Amino acid sequence: MKNILESKFMKEMISAASNMYRLGWDERNGGNISYLLKDYDLSEYLDLNGVIREIPMGFEAKSLVGQCFLVTGTGKYFKNVESDPENNLGIVRIGKDGKTAELLWGFKDGGRFTSEFPAHLMSHMARLKVDDKNRIIMHSHPTNTLAMNYVHTLDEKEFTHTLWQMCTECIVVFPDGIGVLPWMLCGTNEIGEATAKKMEEFRLVVWGMHGIYGSGRTMDEAFGLIETVEKAAEIFMLTSHLPRINTINDGQLRELAEFFKVDYRKDFLSE
Ligand code: 2HA
Ligand code: ZN
(Lines give C-alpha, C1' and ligand atoms only; values in the text may rest on other atoms or scores of the structure.)
(Ligands and ions follow the chains in the order given, each with its own letter.)
Protein backbone atom coordinates (compact mmCIF):
# COMPACT_ATOMS: atom_id res chain seq x y z
CA MET A 1 0.00 0.00 0.00
CA LYS A 2 1.25 3.48 -0.83
CA ASN A 3 1.36 6.09 1.91
CA ILE A 4 -1.87 8.06 1.59
CA LEU A 5 -0.26 11.14 3.13
CA GLU A 6 1.99 11.27 0.05
CA SER A 7 -0.94 11.21 -2.40
CA LYS A 8 -1.59 14.20 -4.63
CA PHE A 9 -5.14 14.64 -3.35
CA MET A 10 -4.04 14.66 0.30
CA LYS A 11 -1.28 17.18 -0.37
CA GLU A 12 -3.73 19.41 -2.23
CA MET A 13 -6.26 19.24 0.60
CA ILE A 14 -3.68 19.99 3.29
CA SER A 15 -2.19 22.89 1.40
CA ALA A 16 -5.63 24.41 0.63
CA ALA A 17 -6.70 24.25 4.30
CA SER A 18 -3.37 25.71 5.46
CA ASN A 19 -3.48 28.53 2.93
CA MET A 20 -7.08 29.36 3.79
CA TYR A 21 -6.22 29.49 7.48
CA ARG A 22 -3.19 31.73 6.89
CA LEU A 23 -5.22 34.06 4.70
CA GLY A 24 -7.51 34.57 7.69
CA TRP A 25 -10.50 33.12 5.87
CA ASP A 26 -11.12 30.19 8.21
CA GLU A 27 -10.95 31.02 11.87
CA ARG A 28 -11.48 28.33 14.50
CA ASN A 29 -13.65 25.59 12.91
CA GLY A 30 -14.82 27.87 10.07
CA GLY A 31 -14.83 26.49 6.56
CA ASN A 32 -14.99 23.04 5.03
CA ILE A 33 -13.79 21.32 1.88
CA SER A 34 -14.86 18.15 0.08
CA TYR A 35 -12.92 16.48 -2.73
CA LEU A 36 -14.54 13.85 -4.97
CA LEU A 37 -11.79 11.25 -5.49
CA LYS A 38 -13.10 9.80 -8.75
CA ASP A 39 -9.83 10.30 -10.63
CA TYR A 40 -7.74 8.30 -8.19
CA ASP A 41 -7.26 4.60 -7.70
CA LEU A 42 -7.88 4.56 -3.97
CA SER A 43 -7.04 0.85 -3.74
CA GLU A 44 -3.38 1.88 -4.03
CA TYR A 45 -3.76 3.65 -0.70
CA LEU A 46 -6.60 1.97 1.18
CA ASP A 47 -8.28 -1.38 1.77
CA LEU A 48 -11.63 -0.54 0.18
CA ASN A 49 -13.32 -3.38 2.09
CA GLY A 50 -12.10 -2.02 5.39
CA VAL A 51 -15.03 0.11 6.49
CA ILE A 52 -14.04 1.57 9.88
CA ARG A 53 -17.57 2.66 10.79
CA GLU A 54 -20.79 3.87 9.20
CA ILE A 55 -22.01 7.41 9.70
CA PRO A 56 -25.65 8.35 8.97
CA MET A 57 -25.91 11.44 6.78
CA GLY A 58 -29.48 12.59 7.47
CA PHE A 59 -30.28 13.03 3.79
CA GLU A 60 -30.13 11.03 0.59
CA ALA A 61 -27.48 11.31 -2.11
CA LYS A 62 -28.64 8.59 -4.54
CA SER A 63 -26.59 9.72 -7.52
CA LEU A 64 -23.39 9.60 -5.44
CA VAL A 65 -23.69 5.97 -4.23
CA GLY A 66 -20.25 4.36 -4.25
CA GLN A 67 -18.40 7.66 -4.67
CA CYS A 68 -15.56 8.55 -2.28
CA PHE A 69 -14.83 11.95 -0.79
CA LEU A 70 -11.96 13.37 1.18
CA VAL A 71 -13.63 15.82 3.56
CA THR A 72 -12.81 18.07 6.50
CA GLY A 73 -14.18 17.15 9.93
CA THR A 74 -16.89 18.83 11.97
CA GLY A 75 -15.56 21.03 14.77
CA LYS A 76 -12.04 20.69 13.39
CA TYR A 77 -9.75 23.64 12.78
CA PHE A 78 -8.14 24.29 9.38
CA LYS A 79 -5.14 25.46 11.42
CA ASN A 80 -4.53 21.87 12.55
CA VAL A 81 -5.09 19.95 9.30
CA GLU A 82 -1.43 19.98 8.29
CA SER A 83 0.00 18.75 11.60
CA ASP A 84 -2.70 16.10 12.14
CA PRO A 85 -4.51 15.09 8.95
CA GLU A 86 -5.76 11.77 10.28
CA ASN A 87 -7.88 13.39 12.99
CA ASN A 88 -8.99 16.44 11.03
CA LEU A 89 -9.83 14.80 7.70
CA GLY A 90 -11.67 11.68 6.61
CA ILE A 91 -12.34 9.64 3.49
CA VAL A 92 -15.90 8.41 3.20
CA ARG A 93 -17.75 6.36 0.60
CA ILE A 94 -21.46 6.93 0.07
CA GLY A 95 -23.14 3.65 0.99
CA LYS A 96 -25.63 1.68 -1.11
CA ASP A 97 -28.67 3.25 0.59
CA GLY A 98 -27.39 6.72 -0.35
CA LYS A 99 -28.01 7.81 3.24
CA THR A 100 -24.98 6.40 5.04
CA ALA A 101 -21.33 7.33 4.72
CA GLU A 102 -18.77 4.53 5.14
CA LEU A 103 -15.61 5.77 6.80
CA LEU A 104 -12.54 4.36 5.05
CA TRP A 105 -9.81 6.52 6.58
CA GLY A 106 -9.35 9.34 9.11
CA PHE A 107 -11.61 10.97 11.73
CA LYS A 108 -9.46 8.88 14.03
CA ASP A 109 -10.68 10.37 17.27
CA GLY A 110 -14.27 9.33 16.54
CA GLY A 111 -15.09 12.46 14.57
CA ARG A 112 -17.31 12.86 11.55
CA PHE A 113 -17.56 14.97 8.43
CA THR A 114 -18.41 18.68 8.41
CA SER A 115 -21.87 19.77 9.54
CA GLU A 116 -22.20 21.25 6.06
CA PHE A 117 -21.97 17.84 4.39
CA PRO A 118 -25.57 18.15 3.06
CA ALA A 119 -24.68 21.42 1.30
CA HIS A 120 -21.48 19.83 -0.01
CA LEU A 121 -23.00 16.65 -1.41
CA MET A 122 -26.05 18.41 -2.81
CA SER A 123 -23.69 20.93 -4.45
CA HIS A 124 -21.54 18.11 -5.86
CA MET A 125 -24.67 16.56 -7.38
CA ALA A 126 -25.72 19.91 -8.86
CA ARG A 127 -22.29 20.75 -10.30
CA LEU A 128 -21.81 17.23 -11.72
CA LYS A 129 -25.08 17.65 -13.62
CA VAL A 130 -23.64 20.67 -15.45
CA ASP A 131 -19.96 19.62 -15.44
CA ASP A 132 -19.07 15.97 -14.96
CA LYS A 133 -15.46 16.97 -14.21
CA ASN A 134 -16.32 18.95 -11.08
CA ARG A 135 -14.47 17.58 -8.05
CA ILE A 136 -14.26 20.26 -5.37
CA ILE A 137 -16.75 22.05 -3.15
CA MET A 138 -15.19 24.57 -0.80
CA HIS A 139 -16.76 26.74 1.91
CA SER A 140 -15.00 29.62 3.60
CA HIS A 141 -15.47 32.88 5.56
CA PRO A 142 -13.20 35.31 3.67
CA THR A 143 -13.00 38.58 5.59
CA ASN A 144 -13.72 41.22 2.96
CA THR A 145 -16.35 39.15 1.14
CA LEU A 146 -18.16 38.84 4.44
CA ALA A 147 -17.70 42.54 5.30
CA MET A 148 -19.16 43.47 1.93
CA ASN A 149 -22.33 41.52 2.77
CA TYR A 150 -23.16 44.14 5.41
CA VAL A 151 -22.82 47.21 3.22
CA HIS A 152 -23.85 46.03 -0.25
CA THR A 153 -27.19 44.73 -1.51
CA LEU A 154 -27.47 40.94 -1.62
CA ASP A 155 -28.90 41.03 -5.13
CA GLU A 156 -26.78 38.65 -7.23
CA LYS A 157 -26.73 40.83 -10.33
CA GLU A 158 -25.69 43.91 -8.36
CA PHE A 159 -23.22 41.98 -6.20
CA THR A 160 -21.54 40.38 -9.22
CA HIS A 161 -21.47 43.64 -11.16
CA THR A 162 -19.80 45.51 -8.30
CA LEU A 163 -17.11 42.83 -8.01
CA TRP A 164 -16.55 42.74 -11.78
CA GLN A 165 -15.80 46.47 -11.57
CA MET A 166 -13.24 46.06 -8.77
CA CYS A 167 -10.48 44.22 -10.68
CA THR A 168 -10.07 44.06 -14.45
CA GLU A 169 -9.75 40.28 -14.50
CA CYS A 170 -12.85 39.46 -12.43
CA ILE A 171 -15.19 39.09 -15.40
CA VAL A 172 -12.69 36.74 -17.02
CA VAL A 173 -12.26 34.62 -13.85
CA PHE A 174 -15.94 34.37 -12.93
CA PRO A 175 -17.93 35.33 -16.05
CA ASP A 176 -20.76 33.13 -14.78
CA GLY A 177 -21.18 35.48 -11.81
CA ILE A 178 -22.02 34.78 -8.20
CA GLY A 179 -25.24 33.36 -6.81
CA VAL A 180 -26.36 34.95 -3.55
CA LEU A 181 -28.51 33.45 -0.82
CA PRO A 182 -30.08 35.51 1.96
CA TRP A 183 -29.06 34.73 5.53
CA MET A 184 -30.19 31.19 6.31
CA LEU A 185 -29.60 28.74 9.13
CA CYS A 186 -26.39 26.84 8.35
CA GLY A 187 -25.84 23.10 8.78
CA THR A 188 -29.34 22.26 7.53
CA ASN A 189 -30.66 20.36 4.53
CA GLU A 190 -32.61 23.54 3.57
CA ILE A 191 -29.49 25.64 3.07
CA GLY A 192 -27.96 22.65 1.27
CA GLU A 193 -30.87 22.49 -1.15
CA ALA A 194 -30.82 26.26 -1.74
CA THR A 195 -27.05 26.19 -2.35
CA ALA A 196 -27.34 23.28 -4.76
CA LYS A 197 -30.08 25.07 -6.73
CA LYS A 198 -27.72 28.05 -7.18
CA MET A 199 -24.85 25.70 -8.06
CA GLU A 200 -26.76 24.58 -11.16
CA GLU A 201 -26.12 28.09 -12.47
CA PHE A 202 -23.04 29.40 -10.62
CA ARG A 203 -19.66 28.04 -9.47
CA LEU A 204 -19.72 30.57 -6.63
CA VAL A 205 -22.50 31.08 -4.08
CA VAL A 206 -22.45 33.67 -1.30
CA TRP A 207 -24.23 32.74 1.91
CA GLY A 208 -25.54 36.10 3.12
CA MET A 209 -23.64 37.32 6.20
CA HIS A 210 -21.92 33.94 6.57
CA GLY A 211 -19.41 33.22 3.82
CA ILE A 212 -19.00 31.75 0.38
CA TYR A 213 -19.09 28.45 -1.51
CA GLY A 214 -16.79 27.80 -4.45
CA SER A 215 -16.60 24.80 -6.75
CA GLY A 216 -14.26 23.58 -9.42
CA ARG A 217 -12.68 20.78 -11.39
CA THR A 218 -9.52 21.23 -9.33
CA MET A 219 -8.56 22.58 -5.92
CA ASP A 220 -6.83 25.46 -7.70
CA GLU A 221 -9.98 26.39 -9.60
CA ALA A 222 -12.22 26.47 -6.51
CA PHE A 223 -9.57 28.25 -4.43
CA GLY A 224 -8.77 30.70 -7.23
CA LEU A 225 -12.43 31.65 -7.63
CA ILE A 226 -12.83 32.46 -3.93
CA GLU A 227 -9.45 34.19 -3.86
CA THR A 228 -10.44 36.46 -6.76
CA VAL A 229 -13.80 37.33 -5.21
CA GLU A 230 -12.06 38.10 -1.92
CA LYS A 231 -9.49 40.34 -3.63
CA ALA A 232 -12.24 42.27 -5.41
CA ALA A 233 -14.24 42.55 -2.18
CA GLU A 234 -11.13 43.94 -0.49
CA ILE A 235 -10.83 46.66 -3.14
CA PHE A 236 -14.52 47.41 -2.63
CA MET A 237 -14.09 47.69 1.14
CA LEU A 238 -11.03 49.91 0.71
CA THR A 239 -12.79 52.28 -1.66
CA SER A 240 -16.56 52.19 -1.14
CA HIS A 241 -16.50 55.01 1.46
CA LEU A 242 -14.39 57.26 -0.79
CA PRO A 243 -15.55 59.36 -3.75
CA ARG A 244 -15.42 57.20 -6.91
CA ILE A 245 -13.52 59.07 -9.62
CA ASN A 246 -12.80 56.21 -12.03
CA THR A 247 -14.61 53.03 -12.90
CA ILE A 248 -14.54 50.12 -15.34
CA ASN A 249 -17.70 50.70 -17.35
CA ASP A 250 -20.01 48.08 -18.87
CA GLY A 251 -18.59 48.65 -22.35
CA GLN A 252 -15.12 47.80 -21.04
CA LEU A 253 -16.41 44.76 -19.14
CA ARG A 254 -18.01 43.54 -22.37
CA GLU A 255 -14.78 44.21 -24.27
CA LEU A 256 -12.83 42.10 -21.76
CA ALA A 257 -15.29 39.20 -21.84
CA GLU A 258 -15.35 39.18 -25.62
CA PHE A 259 -11.57 39.48 -26.02
CA PHE A 260 -10.97 36.59 -23.61
CA LYS A 261 -13.87 34.64 -25.18
CA VAL A 262 -15.67 33.82 -21.94
CA ASP A 263 -19.34 32.98 -21.70
CA TYR A 264 -20.48 35.79 -19.43
CA ARG A 265 -23.78 36.76 -17.83
CA LYS A 266 -24.83 39.41 -20.34
CA ASP A 267 -27.91 40.11 -18.24
CA PHE A 268 -25.63 41.21 -15.39
CA LEU A 269 -24.48 44.21 -17.44
CA SER A 270 -26.87 47.12 -17.59
CA GLU A 271 -26.04 49.03 -20.77
O1 2HA B 1 -17.88 24.12 9.55
O2 2HA B 1 -18.14 27.09 8.45
O3 2HA B 1 -20.74 26.83 8.11
C4 2HA B 1 -17.97 25.40 10.03
C5 2HA B 1 -18.71 26.28 9.14
C6 2HA B 1 -20.16 26.12 9.11
ZN1 ZN C 1 -19.37 28.58 7.56
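A quick note: this is a predicted structure, and the numbers were derived from the prediction, not measured. Computed over heavy atoms, backbone and side chain alike; hydrogens, waters and symmetry mates excluded. Each ligand, and each atom within it, is numbered from 1 in the order the structure gives.
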In terms of atom number and element, which parts of ligand 1 are under 4.0 angstrom from non-hydrogen atoms of [X]?
| X | value |
| --- | --- |
| His139 | 2 (O), 3 (O) |
| Glu116 | 3 (O), 6 (C) |
| Gly31 | 1 (O), 2 (O), 4 (C), 5 (C) |

Donor-acceptor check, side chain of [X] to backbone of [Y], threshold 3.5 angstrom: yes or no?
| X | Y | answer |
| --- | --- | --- |
| Asn144 | Ala233 | no |
| Ser140 | Gly31 | no |
| Glu156 | Val180 | yes |

**Request:** Could you tell me the residue and atom name of the protein heavy atom closest to atom 4 (C) of ligand 1, and the distance to it rounded to 0.1 Å?
**Result:**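 Heavy-atom neighbour on the protein nearest atom 4 (C) of ligand 1: Asn29 O, 3.1 Å.
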
**Asked** Which heavy atom of the protein is the closest neighbour of atom 5 (C) of ligand 1, given with residue, atom name and distance?
**Response**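 In this structure, atom 5 (C) of ligand 1 has Asn32 ND2, 3.6 Å as its nearest protein heavy atom.
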
Taking the six-membered ring for Trp, are [X] and [Y] parallel (under 30°), tilted (30 to 60°) or perpendicular (over 60°)?
| X | Y | answer |
| --- | --- | --- |
| Phe9 | Tyr35 | perpendicular |
| Trp207 | His210 | perpendicular |
| Phe159 | His152 | perpendicular |

**Asked** What protein N/O/S atoms lie closer than 2.8 Å to the Zn ion (ligand 2)?
**Response**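 Checking every protein N, O and S atom gives His139 NE2, His141 NE2, His210 NE2.
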
**Item:** Separation of Thr195 OG1 from Asn189 CG (nearest 0.5 Å)
**Value:**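 With rounding to 0.5 Å, CG (Asn189) is 11.0 Å from OG1 (Thr195).
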
**Prompt:** Is the closest side-chain heavy-atom distance between Leu185 and Ile191 below 4.5 Å?
**Reply:**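 When only atoms from C-beta onward are counted, Ile191 and Leu185 do not touch, as no gap falls below 4.5 Å.
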
